[in-house]
Amino acid sequence: DAKTTQPNSMESNEEEPVHLPCNHSTISGTDYIHWYRQLPSQGPEYVIHGLTSNVNNRMASLAIAEDRKSSTLILHRATLRDAAVYYCILRPPYSGNTPLVFGKGTRLSVIA
Amino acid sequence: DSGVTQTPKHLITATGQRVTLRCSPRSGDLSVYWYQQSLDQGLQFLIQYYNGEERAKGNILERFSAQQFPDLHSELNLSSLELGDSALYFCASSVRAGGRTEAFFGQGTRLTVV
């Protein structure tokens with residue numbers, strides 16, 4: 001299975017942008033890049049996903065490197081509510097043995 | 001609200017007992033996933049179903065079993081419970097089984113084995 005590497009932890013000031021990196025040098029040409037987060041005492045929450053092009057939604061932006069060996073989740077203006085563990089996960093596109101497996105993720109702390 | 005409903009929210013039971021956790025996926029979602037999260041631990045993938053069939057299996061103990069019914073809801077059965085089975089159990093659902101679509105998670109069932 002293609003693996004991802006994320007920093008264990010990051011810190012950000014409130015109302016500043018946050019760039020959360022993810023390395024996935026063994027990504028296959030068809031793997032989707034997914035990001036989820038888990039706030040304290042809550043279930044995981046979908047954030048964003050993409051294949052090749054950069055993606056934007058109301059929560060965040062996903063910047064994907066041209067060679068697709070890395071990606072960055074961008075929170076444009078961090079709030080205290082964004083303090084969570086963020087997970088970068090690669091997933092093949094089609095059904096089959098494609099479990100959604102979480103690694104250790106990056107723990108983001110937001111300072112007021 | 002993710003649209004994924006898990007019941008019950010809390011469950012306290014004794015060692016050696018058997019419990020059933022229920023998951024109702026979002027309307028239209030065919031795939032269901034189950035996870036276990038012990039205190040301060042990561043999310044451990046247990047099992048995935050797609051349209052009633054088992055699709056992927058993780059580190060699920062033999063004492064645990066699951067199934068997805070024709071109406072697409074799923075149940076996770078935990079038997080011969082041990083103290084170490086105390087954890088949060090999450091269910092997620094997605095339209096498809098692969099990575100083209102996102103998954104949505106329920107709020108979990110907190111199981112306490114005493």
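The structure displayed is predicted, hence computed values, not measured ones. Residue numbers begin at 1 in each chain, while the letters A, B, ... track the order of the sequences.
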Inspect the surroundings of [atom1] in [X] and state if more than 12 heavy atoms from other residues, nucleotides or ligands are less than 6.0 Å away.
X	atom1	result
A:Arg107	CZ	no
B:Asn59	CG	no
B:Glu53	CD	no
A:Arg68	CZ	yes

TODO: Taking the six-membered ring for Trp and the single ring otherwise, decide whether the centroids of A:Phe102 and B:Phe105 are under 6.0 Å apart.
DONE: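 Here the rings of B:Phe105 and A:Phe102 have centres that are less than 6.0 Å from each other.
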Task: Residues from residues 73-82 of chain A approaching chain B under 4.5 Å (heavy atoms) - done: none
- [ ] For chain B, find its close neighbours in residues 44-58 of chain A: heavy-atom separation under 4.5 Å, sorted by number, or none.
- [x] A:Pro44, A:Tyr46, A:His49
Starting from [Y], can I reach [X] by hopping between I/L/V/M/F/W/Y residues whose side chains sit under 4.5 Å apart?
X	Y	value
B:Phe104	B:Tyr49	no
A:Val85	A:Ile89	yes
B:Tyr33	B:Leu21	no
B:Val32	B:Leu30	no
B:Ile60	B:Leu43	no

Open item on the list: Quick check against the 3.5 Å criterion: does A:Tyr32 have a side-chain atom that pairs as donor or acceptor with the backbone of B:Gly98?
Closed with: no
Open item on the list: Can a donor-acceptor pair be found, under 3.5 Å and without considering hydrogens, that links the side chain of A:Arg91 to the backbone of B:Ala97?
Closed with: yes
Task: Contacts of A:Gln42 that satisfy side chain to side chain contact (heavy atoms under 4.5 Å, CB included) - sequence neighbours left out - done: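 Checked A:Gln42 against side chain to side chain contact (heavy atoms under 4.5 Å, CB included); matches are A:Leu39, B:Gln107.
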Task: Residue part contacting chain A, namely of B:Thr101, when any heavy atom lies under 4.5 Å - done: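 Answer is backbone: N, CA, C or O of B:Thr101 sit under 4.5 Å from chain A.
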Task: Contact origin within B:Gln37 toward chain A - heavy atom pairs under 4.5 Å - done: side chain
Task: Residue-level contacts of residues 63-93 of chain B with chain A, using a heavy-atom cutoff under 4.5 Å - done: B:Phe90
Open item on the list: How close do B:Phe45 and A:Leu100 get, counting heavy atoms only, and between which atoms?
Closed with: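 Of all heavy-atom pairs spanning B:Phe45 and A:Leu100, the closest is CD1-O, 4.1 Å.
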